[in-house]
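Structure record follows, encoded as structure tokens.
Computed from a predicted model, the values in this text were never measured in an experiment. Just so you know, these numbers use all the heavy atoms, side chains as well, and skip hydrogens, waters and symmetry mates.
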Amino acid sequence: MACESALPAIMDEQALMGLNPNADACYRQRALAYFEQLKESRDGWGVCAEALVKGVYSDDHVKFFCFQVLEHQIKFRHGSLSAAQQQLIRETLMKWLQAQLMNSHPEKPFIRNKAAQVLALTFVKEYLTFWPKFFFDILALVGLNPNGVDIYLRMLMAIDAEVVDRDILHSQEETRRNTLIKDGMREQCIPALVESWFQILQTYQHTHSELTCQCLEVVGAYVSWIDLNLIANDRFVNLLLSHMSMEELREEACDCLFEIINKGMDPVDKTKLVESLCQVLQSAGFFNVEQEEDVDFLAKFSRLVNGMGQSLVLSWTKLSKTDLKVSAETLHAVESKVPLMLQLLIHEDDDISANIVGFCYDYLHVLKQLPALSEQQKSNVEAIMLAVMNKLKYDDEYNFENEGEDEAMFVEYRKQLKMLLDRLAQVSPELLLESVHRVFNATMQNWQTVQFMEVEVAIRLLYMLGEALPASHGAHFSGDTAKTSTLQAMMRTLISCGVSGYQHSSVTLEFFETVVRYDKFFLVEPQHIPSVLMAFLDHRGLRHSSPKVRSRVAYLFSRFIKTLHKHMNAFIEDILSRIQDLLELAPPENGFPALLSNDDQLFMFETAGVLIVNGESPAERKQALMRSLLTPLMEAFRMLLAKLPQEGDEERQVALADCLSHAVGFASRTSKAFSNKQTVKQCGCSEVYLDCLQTVLPALSCPVQRGPLRSAVRSFIHRMIICLEEEVLPFIPAASQHMLKDCEPRDLQEFIPLISQITAKFKNQVSPFLQEIFMPLVMAIFEVLSRPAEENDQTAALEKQMLRRSYFSFIQTIASSGMNEVMASQGAENIERVLFTIIQGAVDFPDPVAQKTCFIILSRLVELWGGKDGLVGFPDFIYKHIVPACFMAPLKPTFDLSDAQTVLTLSECTLTLQMIHLKRGPECIQFLQEYLPSLQVSPEITQELCQVLQQPDVKVLKNYMKVFFQQAKL
């Protein structure tokens, strides 16, 4: 139906049946189409307006639907309505509202909310123009009628969402409009609104808690931008404080008082307001926290106290720069809240405690700035410290094996407590160290009889000292002797007291985390290494009953060995024999769950490699150890690779390919211990890795599961290029041939960096190979890029974009490695084809990353071939294609000069022009003088551009070209 056509005055009853959530899909579809039809029609909303006013429909979904149609009209088509139609909307809403006053059964909340939204939208559109008396009209109509008051309050919250809420993004125009609305409201109606709130609160506080709470929420929302004196006065505040004593109202009253306290104001006034509020709350008994059983209320109260405390600290910060006398009084006010803060901080409910952390943190920041602490302040610091140590403990309900939402919240809460601990360390590091030492020693002396949470937190505190008391590069055991001797004593106790055998995973993990955090301790006292190694290797660590512990310990063990490898010589072969079964490839058909996951095994192989390589054995022994580490892996690889093509079941194929990939990954990871070819040679391990390379390369010709196998082998070759350097080169041509067969975009995308790595590393050494592979690789890329794809297939489009980028990066690597013969030897037709793809990449594809690379290539090729003795025919190509590309690309509508990446592309484009001028001289200027007029560039601008191109300062040229294209696009 065309949007101009009129609709019948009655609604489509069958379509309306589809509004019911339980309706059939076809009815729902029809309802949706009808909704669109009503929205788009010129007068369909009128039918809905009439239905609402006359109460034609009793079905809630139909009423909601009518409001939705009205909402769409006001939101998107208000400006095109005639004055009479706008008046009709106003009347409809007021009549509907009037009808609610008489309604013995109020509408469902979702309908009232939608009506409130529609009223709010109408207000936003009309308040500044057609309906300045909006609020007075509403107030006159609803009075104190409970149904009317309910919709009025919901409407005020909807207006807050439209006009004030800072979490909602607004356009510049909307922000300007909202400012005008708020200014108008302040001038005209805010006092009347505040009076209405007071009347509502007073009238309904004992009889209608829901309305009273709604009204308190409105006051809290509006107080941030209205005159505070309207609310922060005896009459209003006393009413709010009386609500604090009413069970059903007090949580909302707390939130309302919090918003009042939070309002920005003069520091002296803010201090007075907070202090007067505190006085009343204290005399009413609210500071006796331990007598309060309602944790939900206490969480709100804690937030309120936090707001008051932070407000006082902020006032002190401002006043301490200007008025020392008043700032001293404010500091006294802060200090007087500390006992209450501590009661809330140590409360057993973590939400209550978490809500006061902000004030606590800010208070410590104040103490940090004072020249000296009084005895009371020192005592406060100690009390906070003890509270934090206490609250860090897990409770009995924490589920370590299956962590859910509650556990995640406790982890977040612990992070907040850690911030407090770090701040405590800044205020009094000696006290923190002494307190942790005391708690730690007391717990470790009796760890066998103490609950797990006590033991865990004692070790955790030692761990946390590592960040709280900073040391450069973890050097906690040099420098300040008081600190180092205390830390050393605690580490000695940790290792020797036997707590590593505590039967709880949280204690076990904390033990290993702490040992690794303070791994430098073992450089000072290496005699403790054997006992810690045993803990890592036995049932306490890598063979623990919990997979989570085993997994984390595998990672921590690799870190421990890396740091202390120089002290491991005596233990190498013992460790290797003890972890031998953890280094076995778990075949897919095994059926037994492995002790470690594949990712965990990567760390174990790396650890084994580090031990072998950094040991003091002769090269022959190292080679033998490395061979015994890798041979079983390669034997398993050969056996599984032989099985894979014969396997018919797809799922089993995937499992086998995964297993093969892991085997290659493990072999690759052992080589991480080597920094370069030199270290591989010195250890006599070149042969071992060459054998591995020969073992894994046949996987490239496997007819099934190509993707994962190619990916794994490619990664291994990358690694071997670093470890074996030119010894890898004989394997590259055959490997490349296999990898270019039947390519997918991702295969090529991953293969190109390998060729680029070889090109950049070996340059002329691989020139013959590159000359041979260059066109097959380029043709494979062209073939993949030319494959048709679905128009809306985002994944395919992205894969092609990434492949295009990889292709241009490859050409850039060849050009910038000074290997122009690789391209020059491809024959004129092929060179031209490649050059055209680079021009196309620079101009046609709106991808600034690729465009930038293309201009870098063009600039380099001009430098190589654009001179007198360059490539035959190349100067012609420069004038026919490269110079036009330098102008056509930036003139494209998609070339966005406000985008940083595009500006970098323009910079490379400019450098290409400069290089052309450098190589071709006056001939280039002459060409530009003929070419630019064809782009409608005036003779004056042409002359100017040519002059700027001839001056030596490239910065001047870049700035000029940017302005040139900005002007050209106007």
Side-chain angles (χ1 to χ4, degrees), residues 602 605-606 609 612-613 619 622-623 626-627 629-631 633-635 637-638 641 660-702 706 708-741 743 747-774 776-777 780 806 809-810 813-814 816-819 822:
L602 283 171
F605 275 98
E606 186 176 349
I612 293 168
V613 171
K622 287 183 181 179
Q623 186 193 46
M626 194 60 90
R627 206 173 271 291
L629 175 66
L630 292 173
T631 301
L633 206 54
M634 291 300 110
E635 283 172 356
F637 184 90
R638 281 192 204 95
L641 185 61
L660 287 162
S661 301
H662 293 314
V664 179
F666 297 156
S668 186
R669 196 62 170 256
T670 58
S671 73
K672 280 257 183 149
F674 302 109
S675 47
N676 53 35
K677 183 189 176 189
Q678 201 50 40
T679 47
V680 185
K681 268 230 159 85
Q682 284 162 359
C683 296
C685 291
S686 303
E687 254 182 70
V688 183
Y689 283 107
L690 284 168
D691 289 350
C692 286
L693 194 55
Q694 281 180 308
T695 303
V696 304
L697 284 175
L700 291 173
S701 52
C702 183
R706 282 202 194 95
L709 293 180
R710 284 179 177 181
S711 195
V713 175
R714 238 186 336 260
S715 298
F716 189 63
I717 296 172
H718 272 297
R719 187 72 207 137
M720 291 304 101
I721 288 167
I722 294 163
C723 294
L724 303 174
E725 297 193 357
E726 66 279 353
E727 290 182 71
V728 174
L729 292 180
F731 300 97
I732 297 296
S736 299
Q737 266 184 344
H738 284 302
M739 284 193 263
L740 283 177
K741 268 186 198 156
C743 279
D747 290 330
L748 276 173
Q749 208 182 304
E750 289 178 3
F751 176 62
I752 291 168
L754 177 65
I755 297 298
S756 296
Q757 183 191 14
I758 293 165
T759 306
K761 191 165 182 66
F762 302 112
K763 296 191 171 67
N764 293 329
Q765 257 179 294
V766 289
S767 180
F769 159 68
L770 283 172
Q771 289 178 42
E772 196 177 311
I773 201 176
F774 183 81
L777 173 57
S806 298
S809 296
F810 166 59
T813 305
I814 287 180
S816 57
S817 299
M819 297 166 66
V822 171

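- A heavy-atom distance below 4.5 Å is found between the side chains of Ile758 and Leu729.
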Check against side chain to side chain contact (heavy atoms under 4.5 Å, CB included), Met626 and Val613: CA-CA 9 Å; Met626 194 60 90; Val613 171; 4.0 Å; yes
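- Applying the side chain to side chain donor-acceptor pair (under 3.5 Å) definition to pairs two or more places apart or across chains, those involving residues 722-741 are Lys677-Glu726.
- A ring-ring contact (aromatic ring centres under 6.0 Å, His included) with Tyr689 is found for exactly one of Phe674, Phe716, Phe731, namely Phe674.
- For the residue pair Ser767 and Gln771, a side-chain donor N or O sits within less than 3.5 Å of a side-chain acceptor on the partner.
- Here Phe774 contributes atom CZ and Ile814 contributes atom CD1; the two are 5.0 Å apart, rounded to the nearest 0.5 Å.
- For the ring-ring contact (aromatic ring centres under 6.0 Å, His included) test, no residue two or more places apart in sequence or in another chain qualifies with Phe637.
- Between Val680 and Cys723, the shortest heavy-atom distance links the atoms CG2-O, 3.4 Å.
- Counted within 6.0 Å of CD on Glu750, heavy atoms from surrounding residues, nucleotides or ligands total more than 12; the atom is thus considered enclosed.
- Once rounded to the nearest 0.5 Å, the distance linking CD of Glu606 with OG of Ser671 reads 9.0 Å.
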CA sep, side-chain torsions, deciding dist, call: Val688, Leu629, side chain to side chain contact (heavy atoms under 4.5 Å, CB included): CA-CA 10 Å; Val688 183; Leu629 175 66; over 6 Å; no
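- Between Ser817 and Ala760 the shortest heavy-atom distance is OG-CA, 4.2 Å.
- For the atom pair CD1 of Ile732 and CG of Leu697, the computed distance is 8.0 Å after rounding to the nearest 0.5 Å.
- Between Ser661 and Pro708, the shortest heavy-atom contact is OG-O, 3.6 Å.
- Taking the ring-ring contact (aromatic ring centres under 6.0 Å, His included) definition, one finds that Phe751 meets it with nothing, sequence neighbours left out.
- A donor-acceptor contact closer than 3.5 angstrom is absent between the side chains of Ser668 and Arg719.
- Residues satisfying the ring-ring contact (aromatic ring centres under 6.0 Å, His included) criterion with Phe769, sequence neighbours excluded, are absent altogether.
- Partners of Arg627 under the salt bridge (charged side-chain N to carboxylate O under 4.0 Å, His left out) rule, at least two apart in sequence or in another chain, are Glu687, Asp691.
- Counting heavy atoms of neighbouring residues, nucleotides and ligands inside a 6.0 Å radius, atom NZ of Lys672 does not exceed 12 of them.
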Derivation and outcome, side chain to side chain contact (heavy atoms under 4.5 Å, CB included), residues Leu709 and Val664: CA-CA 9 Å; Leu709 293 180; Val664 179; over 6 Å; no
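- Of the inter-residue distances, the one linking Leu693 atom CG with Leu724 atom CG reads 7.5 Å to the nearest 0.5 angstrom.
- Of all heavy-atom pairs between Cys692 and Leu630, the closest is SG-CD1, 3.9 Å.
- Note that CZ of Arg706 is 9.5 Å distant from OG of Ser701, once rounded to the nearest 0.5 Å.
- In this structure, Arg638 and Pro698 have side chains that are not in contact, with every pair of non-hydrogen atoms separated by 4.5 Å or more.
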Audit row: Met739, Asp747, side chain to side chain contact (heavy atoms under 4.5 Å, CB included) steps and yes/no: CA-CA 8 Å; Met739 284 193 263; Asp747 290 330; over 6 Å; no
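- One N or O on the side chain of Ser715 and one on the backbone of Ser711 form a donor-acceptor pair closer than 3.5 Å.
- Side-chain contact between Gln757 and Ile717 is absent, with no heavy atoms from C-beta onward closer than 4.5 Å.
- Taken from OG in Ser806 to CG in Leu748, the straight-line distance is 9.0 Å, to the nearest 0.5 Å.
- For Pro768, there are no side chain to side chain contact (heavy atoms under 4.5 Å, CB included) partners, not counting sequence neighbours.
- Residues Ile752 and Thr813 have side chains not in contact (no heavy-atom distance under 4.5 Å, counting atoms from C-beta outward).
- The closest side-chain heavy-atom distance from Ile773 to Leu740 is below 4.5 Å.
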